[in-house]
Amino acid sequence: MPASEGTQTPAPRKLQGTVIAEQLEAEIVSGDLTAGSKLDELSLVQRFGVSRTPIREALHKLVAMSLAERMPFRGVVVANITRERIEQMFEAMGEIEAMCGRLAADRMTIGERAEIEDLHRAMGQMAQRGEFEAYEAANTEFHQRIYDATHNRDLIELSNALRLKLAPFRKSQLRNDVRMEVSNEEHEAIVSALLDHDPKRTENALRRHLVSAAREVLTRMR
């Protein structure tokens, strides 16, 4: 039976959990939810007006991103995220992406090289038009294509897991003209090295790219 006029269809449970996780993520990164704060299920149920299930899904996501942790006798609490911790994650991500680039430069198929070149060109047009959200989404795809081009399932999973942890801090870092232009220039160096089948240049270009991203994130934390 179709929903009556004016009746809203409830959001899918998975969507609810994702939306709640994003809201809590933003509050943790901004400092509104401080380290050690308890993320109490009942309080969150009352706050968001949902059942416990999407709340548990949201908390699971936060723990997976290392924004929260499960403590004995306390439940889920906000993690203590220091500059040093973020630097460590960027250091690890830089080395992992450098490794992915080195392998991808050797293992990419002709089709994969053509696709990442096309994507890079499209991103250049997005940057010129100031399309921040589109560029940010395409940036995720750009790096994913490099991971996938290693053709190593374990390395792909490891790369995605660490990228997930860094995502809250990197979110919106590309939403200004200068940073987007710099990112696009750094991608040019990466793509050029990939097309030239040059593992060492690709490795170095990706490592420099992550250092640049880390600098931007850490500057905004001051």
Side-chain angles (χ1 to χ4, degrees), residues 8 10-94 96-97 130-141 143-144 159-180 182-183 209-222:
Q8 291 186 337
R13 190 175 67 200
K14 182 178 181 181
L15 177 60
Q16 286 182 341
T18 299
V19 170
I20 293 167
E22 289 175 349
Q23 176 62 38
L24 295 174
E25 169 194 311
E27 293 175 12
I28 293 171
V29 173
S30 69
D32 291 336
L33 283 173
T34 57
S37 298
K38 184 176 180 180
L39 297 172
D40 178 66
E41 279 189 20
L42 182 57
S43 297
L44 293 172
V45 164
Q46 295 171 343
R47 173 183 170 183
F48 290 101
V50 295
S51 67
R52 285 181 180 267
T53 301
I55 295 299
R56 288 170 179 166
E57 291 171 351
L59 295 179
H60 179 76
K61 289 177 183 290
L62 295 177
V63 171
M65 291 188 290
S66 296
L67 293 176
E69 52 191 350
R70 298 186 187 278
M71 302 288 289
F73 311 110
R74 290 197 63 198
V76 180
V77 301
V78 176
N80 183 23
I81 306 162
T82 62
R83 287 176 59 89
E84 290 73 21
R85 175 64 181 139
I86 293 174
E87 286 178 351
Q88 289 170 4
M89 287 193 288
F90 266 108
E91 180 182 40
M93 188 80 256
I96 290 171
E97 289 217 4
E131 297 174 352
F132 302 124
E133 290 187 8
Y135 188 93
E136 198 167 45
N139 183 62
T140 299
E141 182 182 351
H143 287 270
Q144 186 65 55
S159 301
N160 281 321
L162 189 49
R163 190 170 180 84
L164 177 66
K165 289 183 178 181
L166 275 171
F169 306 100
R170 300 182 70 174
K171 187 172 291 185
S172 302
Q173 63 143 330
L174 295 170
R175 297 196 180 188
N176 70 74
D177 292 330
V178 174
R179 177 56 196 157
M180 193 161 54
V182 170
S183 170
H209 184 50
L210 264 292
V211 168
S212 177
R215 184 186 304 116
E216 178 69 18
V217 170
L218 292 170
T219 297
R220 287 193 288 119
M221 288 183 66
R222 290 174 184 168

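For clarity, every value in this text was computed on a predicted model and none was experimentally measured.
- Annotation: side chain of R163 is in contact with side chain of E97 (closest heavy-atom distance under 4.5 Å).
- The neighbour count for E141 CD, taken as heavy atoms of other residues, nucleotides or ligands under 6.0 Å away, is above 12.
- The shortest distance between side-chain heavy atoms of V78 and L67 does not fall below 4.5 Å.
- In this structure, the side chain of S37 does not engage the main chain of L33 through any donor-acceptor pair within 3.5 Å.
- Side-chain contact between R52 and L42: present, with at least one pair of heavy atoms (C-beta onward) separated by less than 4.5 Å.
- When the options V76, L39, V50 are evaluated for a side-chain contact (heavy atoms from CB on, under 4.5 Å) with L44, the one that passes is L39.
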Exercise for the section: Evaluate the criterion side-chain contact (heavy atoms from CB on, under 4.5 Å) for residue pair E57 and I20; output intermediate values, then yes/no. Expected result: CA-CA 9 Å; E57 291 171 351; I20 293 167; over 6 Å; no
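- Contact check for E136 versus M180: no side-chain heavy atoms found under the 4.5 Å cut-off.
- A heavy-atom distance below 4.5 Å is found between the side chains of F48 and Q23.
- For the atom pair CG (N160) and CG (L164), the distance works out to 8.5 Å, reported to the nearest 0.5 Å.
- In this structure, P168 and V29 approach most closely via the heavy-atom pair CB-CG2, 3.7 Å.
- Between E41 and R47 no salt bridge is recorded (no basic side-chain N to carboxylate O distance below 4.0 Å).
- Across A21 and L62, no two heavy atoms sit closer than the pair O-CD2, 3.8 Å.
- Contact record, G36 with R74: O-NH2, 2.9 Å, taken as the closest heavy-atom pair.
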Handout entry: Test log, rule side-chain contact (heavy atoms from CB on, under 4.5 Å), inputs L162 and F90
Key = CA-CA 9 Å; L162 189 49; F90 266 108; over 6 Å; no
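- Minimum interatomic distance between A79 and E69 (heavy atoms only, all atoms of both residues): CA-OE2, 4.1 Å.
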Practice task
Output, in order, the C-alpha distance, side-chain angles, deciding distance and verdict of salt bridge (Lys or Arg N to Asp or Glu O under 4.0 Å) for K61 and E22.
Solution key: CA-CA 9 Å; K61 289 177 183 290; E22 289 175 349; over 6 Å; no
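- Side-chain contact between V45 and S51 is absent, with no heavy atoms from C-beta onward closer than 4.5 Å.
- Distance check: H60 NE2 to M65 CE gives 10.5 Å after rounding to the nearest 0.5 Å.
- Rounding to the nearest 0.5 Å places CD of Q144 at 9.0 Å from OG1 of T140.
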Exercise for the section: Start with the C-alpha gap between H209 and S183, add the side-chain angles, then the distance that decides, and say whether side-chain contact (heavy atoms from CB on, under 4.5 Å) holds. Expected result: CA-CA 8 Å; H209 184 50; S183 170; 3.9 Å; yes
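- At least one donor-acceptor pair closer than 3.5 Å links the side chain of S30 to the backbone N or O of A26.
- Here the CD atom belonging to E27 is positioned 11.5 Å from the OG1 atom belonging to T34, to the nearest 0.5 angstrom.
- Closest of all the heavy-atom pairs between V182 and S212 is CG1-OG, 4.1 Å.
- Here the closest heavy-atom approach between residue M93 and residue S159 is recorded as CE-O, 3.8 Å.
- Rounded to the nearest 0.5 Å, atoms CD1 (I86) and OG (S66) are 11.5 Å apart.
- When atom types are taken as modelled, the side chain of R70 and the backbone of V77 share no donor-acceptor pair closer than 3.5 angstrom.
- Under the 3.5 Å distance criterion, the side-chain polar atoms of R83 are matched with a main-chain donor or acceptor of L218.
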Problem - Stepwise salt bridge (Lys or Arg N to Asp or Glu O under 4.0 Å) check, R179 with E216 - result: CA-CA 8 Å; R179 177 56 196 157; E216 178 69 18; 5.1 Å; no
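- Heavy atoms from other residues, nucleotides or ligands lying under 6.0 Å from CD of E91 number 12 at most.
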